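Just so it is clear, the model here is predicted, and its values are computed rather than measured. So that the names make sense, note that chain A is the first sequence line, chain B the second, and so on, each numbered from 1. Side-chain atoms are counted along with the backbone in the values below, which use heavy atoms only and exclude waters and symmetry mates.
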Protein chains: 2
Amino acid sequence: MFRGNHPTRVDEKGRLKVPAEFKRRVDELYGPQFFITSKDGKRAELYPMKEWERIEDALAKAPSSGAKKKFLDVTNYYGQVVEMDAQGRLLIPQLLREDATLAGDVAVLGMQTYLVVANDAKHRAQLAENPLTDADIDALGVVGI
Amino acid sequence: MFRGNHPTRVDEKGRLKVPAEFKRRVDELYGPQFFITSKDGKRAELYPMKEWERIEDALAKAPSSGAKKKFLDVTNYYGQVVEMDAQGRLLIPQLLREDATLAGDVAVLGMQTYLVVANDAKHRAQLAENPLTDADIDALGVVGI
DNA sequence: ACCACTTTCTTCCACTTCTTTCCACTAAGA
DNA sequence: TCTTAGTGGAAAGAAGTGGAAGAAAGTGGT
């Protein structure tokens, strides 16, 4: 389970420093390979290879549909297999770097099974624009929040 | 069950001293790990790790929804796993320290299953601005209040 | 078609900065 | 006075960063 925000940076070469905590977990649970992609072109999603393969398997079994084709189209357009080096850095494909403006300060968010990489300022602005309301929380119906 | 207000301080390094009473309860009921996060960026919420995991599980089972996505986006943006040291202090992430102005005197409030950490003066002002009304209390439908 | 040169990519080393942990002192309450 | 809570700070270790050297891929010319 990945959780929380680990602020980090993308250097001028386009390398993302995977925060040490996430790196440790990935090292022990998965290999150094990831599938980096995006569903909206606005922020990158980083799946440990094994997780992505699990999703692919589930999709392969699903009946053919427009939604499936669309999903494959988008995720494979932005997608690429990337590998962490010994220093815990990985090269973000140029296309994603441009579309998701991944340079300088970025937020790496744990989203349970995968990680989200977002431009910090943009993500912040998006949260401010669309805040979490009491009604949202009530809608979840979870006790003790 | 956490209850009451235990005023404490955040030092210049951003370390929150967990009041001894809360520390004792946490030590016996839970481990030293917490998930610290925020829903509005204005005050921090401190969940014993086990409590937070319970919420995560409940969320994982809930059907996909906008409210759920928003909730994960916000809580993981502000969130971080933190650990108390032997002296009962824990480091508040920079982002939260800034947004929620957690420095100097703060109030630690027991909110049943979790703790709230708020800038004392700000919290006071907010209560004054938005007081508890008879209508609020009636809406609870609890006998004997 | 092959060779050589150029350019880009990748990996690894070494330095710097920040974080974390732990020790010791101060203050307050019993 | 003794014990427990709270505070500050220094030292050791870990994390982050830049860059240089080696490898690989691409390009052009003979």
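For the pair A:K23 (side chain) and A:M84 (backbone), a donor-acceptor distance under 3.5 Å is absent.
Protein atom CD of A:E21 is 20 Å distant from nucleotide atom P of C:dC18, rounded to whole Å. A:E12 has its CD atom 13 Å from the P atom of D:dA20, to the nearest Å. At whole-Å resolution of the value, CG in B:D11 and P in C:dA27 are 17 Å apart. In this structure, A:R9 atom CZ and D:dA15 atom P are separated by 19 Å, rounded to whole Å. Straight-line distance from the NE2 atom of B:H6 to the C1' atom of D:dG6: 16 Å, rounded to whole Å. Distance CG (B:D27) to P (D:dT4): 15 Å, rounded to an integer number of Å. Nucleotide D:dG6 holds its P atom 12 Å from the CZ atom of B:F22, rounded to whole Å.
Summarising the local packing, OH of A:Y77 is surrounded by 12 or fewer heavy atoms from other residues, nucleotides or ligands at distances under 6.0 Å.
Aromatic ring centres of B:Y47 and B:F35: separated by at least 6.0 Å.
Side-chain proximity of B:K13 to the nucleotides D:dA10, C:dC22, D:dA5 is greatest for D:dA10. Proximity note for A:R15 (side chain, C-beta onward) versus C:dT11, C:dC22, D:dT7: the nearest is C:dT11.
When all heavy atoms of A:V106 and A:L102 are compared, the pair lying nearest together is CG1-CD2, 4.1 Å.
To the nearest 0.5 angstrom, B:K70 atom NZ is 13.0 Å from B:L72 atom CG. The OG1 atom of B:T37 sits 9.5 Å away from the CG atom of A:N5 when rounded to the nearest 0.5 Å.
Between the two ends of the helix from C:dA1-D:dT30 to C:dA30-D:dT1, each summarised by a five-pair axis, the helix axis turns through 20° (rounded to 10 degrees).
Residues of residues 82-97 of chain A that place a heavy atom closer than 4.0 Å to DNA chain C, in numerical order, are A:Q87, A:R89, A:L91.
With respect to B:E51 and B:R54, a salt bridge is recorded, a charged nitrogen being found less than 4.0 Å from a carboxylate O. B:R43 and B:D99 are not joined by a salt bridge, as no carboxylate oxygen comes within less than 4.0 angstrom of a charged side-chain nitrogen.
The aromatic rings of A:H6 and A:F22 lie tilted to each other, with the angle between the two planes from 30° to 60°.
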